[in-house]
Amino acid sequence: MIHKVEEYVESIFNNDSTGHDWFHIQRVRRLALHIGEKEKANLLMVEIIALLHDVLDDKITANIDKAKEEIAALLTELPLTKLHIDEILYTIENIGFKGGNGVVLDSLEGKIVQDADRLDALGAIGAARTFMYSGAKGQAMYDPQIEARSSMTYEQYRGEKSTAINHFYEKLFLLQDTLQTEEAKKIASERYEFMQKFVDQFMKEWNEI
Ligand code: ADP
Ligand code: NI
């Protein structure tokens with residue numbers, strides 16, 4: 001039954017090189033189901049929200065209203081109540097770190113997918129995605145003129161020119177404190193340590209000789 005949702009999402013993400021690929025969706029889906037089991041969440045809701053979580057991002061979809069209609073039509077074919085469908089639409093509209101505009105999701109399933117999405121921005125994969133994204137946007141991997149502004153939040157200087165390394169400070173190192181489930185916090189700590197080592201080593205090599 002979930003196959004139709006899967007096909008719809010796969011067709012949207014098939015050709016993306018900004019870190020928003022179908023494999024990202026698959027990783028978030030697996031992580032979310034894993035956390036969902038620990039949290040005894042509604043796993044059908046978790047899986048659908050995970051599959052759809054990036055579709056309503058304006059970086060990916062030009063016509064958001066049309067996409068919402070398509071998704072609502074797809075969901076009516078699944079064994080979901082109107083309440084469930086409304087909750088899915090609300091959640092996927094508000095799930096992004098910045099797209100959320102500070103909205104705190106109150107459903108357990110929304111929190112779980114948000115945590116899973118944030119976990120995929122951490123660790124080795126998170127670092128790799130950041131360099132892919134920076135490359136796609138024409139940003140440098142590092143620029144000594146663009147300081148690592150760790151005292152500011154991502155919101156304060158989004159839109160300003162940044163670098164891949166700076167993105168660790170403006171977002172990645174801040175994500176750990178926003179996680180809401182115990183299992184995600186557990187998984188995050190190893191990823192966080194790895195990123196710190198990575199940035200330390202990067203700076204060591206940059207300044208070595
Ligand atoms: P998602 O919606 O999947 O959480 P985003 O759209 O925020 O992800 O970003 C996709 C990937 O690109 C993430 O891994 C993120 O850290 C990275 N990214 C986002 N913005 C920037 C940026 N300004 N510079 C470098 N990497 C970025
Ligand atoms: Ni995502």
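None of these values were measured; they are calculated from a predicted model. Atoms within each ligand, like the ligands themselves, are counted from 1 in listed order.
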For a side chain to side chain donor-acceptor pair (under 3.5 Å) check, start with the C-alpha distance between Glu170 and Ser162, then their side-chain angles and the critical distance, and finish with the verdict. CA-CA 9 Å; Glu170 66 189 18; Ser162 191; 3.1 Å; yes

Which atoms from ligand 1 have a heavy atom of Ser134 less than 4.0 Å away? 24 (N), 25 (C)

Is Asp115 salt-bridged to Lys111, going by a charged N under 4.0 Å from an acidic O? no

Are Glu193 and Lys197 ion-paired here, with the side-chain N under 4.0 Å from a carboxylate O? no

Check this for me - ligand 1, Asp120, N or O atoms closer than 3.5 angstrom, yes or no? no

Of all the heavy-atom pairs spanning Ile95 and Gln114, show the shortest one and how long it is. O-NE2, 3.1 Å

Please identify which atoms of ligand 1 are closer than 4.0 Å to at least one heavy atom of Leu172. 16 (O)

Is the distance from the Ni ion (ligand 2) to some N, O or S atom of Asp120 under 2.8 Å? no

Does at least one non-hydrogen atom of Gln139 fall below 4.0 angstrom from an atom of ligand 1? yes

With respect to Ser162, determine whether any N or O atom, backbone or side chain, lies less than 3.5 Å from an N or O atom of ligand 1. no

Hey, what do you get for CD (Glu39) to CD (Gln180), rounding to the nearest 0.5 Å? 10.0 Å

Near Asp54 (heavy-atom distance under 4.0 Å), the atoms of ligand 1 are 1 (P), 2 (O), 3 (O)

Flag the pair Lys4 and Glu7 as a salt bridge only when some basic side-chain nitrogen lies within less than 4.0 angstrom of an acidic carboxylate oxygen. no

Is the ring pair Phe173/Tyr169 parallel, tilted or perpendicular, if the boundaries are 30 and 60 degrees? perpendicular

Heavy atom of Arg118, distance to ligand 1 below 4.0 Å: no

Is any NZ, NE, NH1 or NH2 atom of the basic residue among Glu182 and Lys38 found under 4.0 Å from an Asp or Glu carboxylate oxygen of the other? no

Polar proximity ligand 1 side, His53 side, N/O cut 3.5 Å exclusive: no

Check all N, O or S atoms of Asp54 and name the one closest to the Ni ion (ligand 2). OD2

Taking the Ni ion (ligand 2) as the reference point, name the nearest N/O/S atom of Asp117. OD1

Please determine if the Ni ion (ligand 2) has an N/O/S atom from Asp57 lying under 2.8 Å away. no

Any donor-acceptor pair under 3.5 Å linking the side chain of Ser107 with the backbone of Gly110? yes

When every non-hydrogen atom of Ala67 is compared with those of Leu56, the smallest separation belongs to CB-CD2, 3.8 Å

Below a 4.0 angstrom heavy-atom separation, can you tell me which part of Lys171, side chain or backbone, both or neither, approaches ligand 1? side chain

Number the atoms of ligand 1 from 1 as they appear, then name those within less than 4.0 Å of a heavy atom of His24, with their elements. 3 (O)

For Thr130, which part has a heavy atom under 4.0 Å from ligand 1: side chain, backbone, both, or neither? both

Is the closest N or O pair between Thr163 and ligand 1 shorter than 3.5 Å? no

